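Given the structure is predicted, the values throughout are model-derived calculations rather than measurements.
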Amino acid sequence: AFAHQQAQKLTSRKGHLNEIQQTMAASLSAGVESIGLETIVKELQARFQELNSNQQIALAMETFKATRDIARLGVSSSQTVSVMVTALQHEFDSMQIHNMRTAFVKNSRITAPQSLAASYAAAIAKGNNFEGSNSGQSGNSGGSGPAGSDAGSGPGGSGGPGGSGPGGG
């Protein structure tokens, strides 16, 4: 019921409503607290004023897929929400959130997800927008090094952009 209420704040189109609601429910099941989900919905509503309806649906879907996946990796609710709210406040579009989610899942294999989330939030706040993440991922599927194809395009194995992760420098 809660996920349905929140999804209704984002769309009235039935097919999209169900899809967003299911992804929100999966985020809740993964450990995101309802207050955190509400915070993300409010950020989305603020962003929606600048977007057409197709962009709104795409942004909502990618946002909640990323929320779900980051939480499923064991990141706390507050840190998951922090990453997503920071991305939305920095005007990420659906593609940038998709790139961020893909990079996060990949990097979580070599970096503890909780600290990875903190470095992602810091990197986004500093202006990393994950524009270039796609090219590195598709071009280097056999990469085996820790920083691999994400070096320079996201907080990789070096503790974030420029090797200055949280507390570093």
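- Rounding to the nearest 0.5 Å gives a distance of 9.5 Å between CD1 of Ile70 and OG of Ser108.
- In this structure, Gln56 and Thr11 have side chains that are not in contact, with every pair of non-hydrogen atoms separated by 4.5 Å or more.
- The shortest distance between side-chain heavy atoms of Thr23 and Thr67 does not fall below 4.5 Å.
- Expressed to the nearest 0.5 Å, how far CD of Gln6 lies from NZ of Lys42 amounts to 8.0 Å.
- Between Thr63 atom OG1 and Leu88 atom CG the span is 4.5 Å, to the nearest 0.5 Å.
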Verdict with reasoning, Phe48 to Leu10, per side-chain contact (heavy atoms from CB on, under 4.5 Å): CA-CA 9 Å; Phe48 277 13; Leu10 300 173; 3.7 Å; yes
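- Using a 4.0 Å cut-off between charged side-chain N and carboxylate O, Arg101 and Glu62 make a salt bridge.
- Between Val75 and Pro113, the shortest heavy-atom distance links the atoms CG2-O, 3.4 Å.
- In this structure a side-chain-to-backbone donor-acceptor pair under 3.5 Å is present from His90 to Thr86.
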Derivation of the side-chain contact (heavy atoms from CB on, under 4.5 Å) call for Met24 and Phe2: CA-CA 9 Å; Met24 281 182 168; Phe2 176 79; over 6 Å; no
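- A side-chain donor-acceptor contact under 3.5 Å links Gln114 and Ser76.
- Between Asp69 and Arg72 the shortest side-chain heavy-atom distance falls below 4.5 Å.
- Within the 4.5 Å cutoff, the side chain of Ile40 has heavy atoms near those of the Phe64 side chain.
- The cluster map of Ile, Leu, Val, Met, Phe, Trp and Tyr, joined by side-chain heavy atoms under 4.5 Å apart, puts Leu59 and Leu17 in different clusters.
- Without hydrogens or angle criteria, Gln96 side chain to Asp93 main chain gives a donor-acceptor distance under 3.5 Å.
- In this structure, Gln55 and Leu51 approach most closely via the heavy-atom pair OE1-CA, 3.5 Å.
- For the residue pair Tyr120 and Asn107, a side-chain donor N or O sits within less than 3.5 Å of a side-chain acceptor on the partner.
- Enclosure of atom CD in Glu43 by more than 12 non-hydrogen atoms of other residues, nucleotides or ligands within 6.0 angstrom is indicated.
- If you take CZ on Arg13 and CG on Asn18, they are separated by 13.0 Å, rounding to the nearest 0.5 Å.
- Minimum heavy-atom separation, Ala121 to Ser82: CB-OG, 4.1 Å.
- Between Asn99 and Phe104 there is no side-chain heavy-atom pair separated by less than 4.5 Å.
- Contact detail for Ala3 and Ala25: the closest heavy-atom pair is CB-N, 4.0 Å.
- Going from atom CD1 of Ile124 over to atom CE of Met100 covers 5.0 Å, rounded to the nearest 0.5 Å.
- Between Ala26 and Arg68, the shortest heavy-atom distance links the atoms CB-CD, 3.6 Å.
- With contacts defined as side-chain heavy-atom distances shorter than 4.5 Å, the pair Leu28/Glu33 does not qualify.
- Annotation: the span from Lys14 atom NZ to Gln21 atom CD amounts to 8.5 Å, rounded to 0.5 Å.
- A side-chain donor-acceptor contact under 3.5 Å links Ser119 to the backbone of Leu116.
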